[in-house]
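Read the numbers this way: they start at 1 and go in the same order the structure lists the ligands and their atoms.
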Amino acid sequence: MLKTTQLKNLLESSRTEFILESHSGLSARIVEEAGFKGIWASGLALSAQHAVRDNNELSWTQVVAQLEFMADATAIPILLDGDTGYGDFNNMRRLVRKLGQIGVAGVCIEDKLFPKTNSFIQGQTQALEDIQTFCGKIQAGKDSQTADDFCIVARVEAFIAGWGLHEALLRAEAYHAAGADAILIHSKHSQPDEVLEFATEWANRCPLVLVPTKYYATPTEVFEQAGISLVIWANHMIRTCISAMQSSAANIYSTRSLVESEERIATVAEIFRLQGADELLEAEKRYARGGSHAVAAVVLAASRGQGLDELTRKRPKVMLPVAGIPVLRHQVDKFKRQGVNKITVVAGYRHDAIDVQGVDIIVNEAWEATGELASLNCAIDNFSANTVIIYGDLLFRSYLLHNLLDWDAELLVAVDSVPLDEAKGDASDLAYCSAPDNRAMYQQKVMLRGITHAAKSDARQPDGRWIGMLRVAGKGAQQLRSALATLQQREDFYRLGMPDLLNQLVKDGHAPQVQYVNGHWMDINNLADLERAGRFENTRSEG
Ligand code: SPV
Ligand code: MG
């Protein structure tokens, strides 16, 4: 329902309705969450939050700017406390048109003179606007509204200014005749007598609105029995903020610590919730495409790794120190250098020992009984439109990652075409490709044909070794998901590894493209590798 219609319904409903002050997007959202059906954008509160006075010290464009945040943050109607309309009939016309544009449902204007003063500051000395002039302002506003149900509430300040019931009724009558949708009768007394007397005389000629700031102790049933349409709790969010902020500031200052105040104040997570941070994360999955900010990384680090038994007794392989810092830290630094900041580590064995900042850790609880694909499956929801998957024991020069990210391919594997040195034991993840590496044909389109664990003696020599780096972009993510789903049907899924996934992709007709590389990477399988790794990272030229 349109916000204007919602407000009109509140004013015209047969029950007494209540709206609460707010003065910012955040307070408006809190008021809505509490269950209120409408918001009072109080002039006092809007100005007070900026420590300026309720004397039109805030310009009307500054008011409008704040209202826009409030309207954007909520689905309930806002009734603006529009003071005197910020000028004459012409300013009122422009105000009403502007409010329509930013989704504010109505405005209340008071029959005082610009610049106004808050009704509770020497109210009796305040001059009232000429009745006809004020009626002209109401009429100008009504003629300017763009939505049928936009509401103009005329606020009668006769009691505030020291006039009696007769003047108040005279004015209300004239404003109603000029087109006001409701009358607000204001009072500074601590008892509701004069507004109730007014209500009796007014006899519901049009909806009546009250602001019981001073006569706050009046039981709500009294307003209901008097047939009041709308009650405005006019300044209670800003006053809540003031008390809470004063108390926190004093406490933090005197204790010189955050410990006590932490117990009393909203968590940072609560701020994120109110801001709708989750929605943005969801939207990113749908819309964020391309750009380094959208790149995610998944590090497969669940297994203990064999061949390093003693060293991995208390920590997983990714935490082995290389040149003084853990393997994972080297990887994360390189990702970050390439602008890859969303890094997920799938951990398992001794996941408790992973102590590297800047990563999300997902634990494959079944790490002992499962292989790489089960781990990858744990991280599938952390993929972005552009994701790099690497083995947890891979060390590499940054340019390899940079080049992998640079190519335009949906699935891309880095294959090292340097002839194998089987004596060094590097006979796994052998890659067969649609063409061997040919530097004369730089950036030729080569596709993966398959990966095996060991060279087949009867087949042609492999074209290289997959280094354990796969990039998945665009439709590649879906292709990977569906290959993974196919493999999940297999009984032996729990033992399958990344090569099985790459082979399934080939089988599905989604062969990854190959990017040939020549050295500048290593994996760590034994003590000799670990020693070599120290030299590898120490001699790196890229810092
Ligand atoms: C406001 O909230 O700014 C009002 C109501 O105008 S009162 O302060 O009670 O006048
Ligand atoms: Mg006000």
Near [X], which atoms of ligand 1 are under 4.0 Å from a heavy atom of that residue?
X	result
A234	2 (O)
R155	4 (C), 5 (C), 6 (O), 10 (O)
S119	10 (O)
H186	7 (S), 9 (O), 10 (O)

Any nitrogen or oxygen of [X], side chain or backbone, less than 3.5 Å from one on ligand 1?
X	result
K116	no
L44	yes
V211	no
E110	no

If you check every N/O/S atom of D81, which is the one nearest the Mg ion (ligand 2)?
-> OD2
Do Q478 and K475 meet the criterion of a side-chain donor-acceptor pair at a distance under 3.5 Å?
-> no
Can you tell me the protein heavy atom closest to atom 2 (O) of ligand 1 and the distance?
-> S42 OG, 2.7 Å
Closest approach of any protein heavy atom to atom 4 (C) of ligand 1, naming residue and atom | D81 OD2, 3.4 Å
Quick one: does N118 get within less than 4.0 Å of ligand 1, heavy atoms only?
-> yes
Assess K214 for proximity to ligand 1: is some non-hydrogen atom of it under 4.0 Å away?
-> no
Would you indicate whether F18, at its atom CZ, is surrounded by more than 12 heavy atoms from other residues, nucleotides or ligands within a distance under 6.0 Å?
-> yes
Please indicate whether Y216 has more than 12 foreign heavy atoms, meaning atoms of other residues, nucleotides or ligands, lying under 6.0 Å from its OH.
-> no
Do any N or O atoms from the side chain of E32 and from the backbone of G35 form a donor-acceptor pair under 3.5 angstrom?
-> no
Between the side chain of R471 and the main-chain N/O of W407, is any donor-acceptor distance below 3.5 Å?
-> yes
What heavy-atom pair brings Q357 and V332 nearest, and what distance separates the two atoms?
-> O-CG1, 4.2 Å
Ligand 1 contact on E21 by region, counting heavy-atom pairs under 4.0 Å | neither
Heavy atoms, side chains only, cut-off 4.5 Å: are V388 and L470 in contact?
-> no
Euclidean distance, H186 NE2 relative to C108 SG, rounded to 0.5 Å | 9.0 Å
How far does CG of L300 sit from CD1 of I390, to the nearest 0.5 angstrom?
-> 8.5 Å
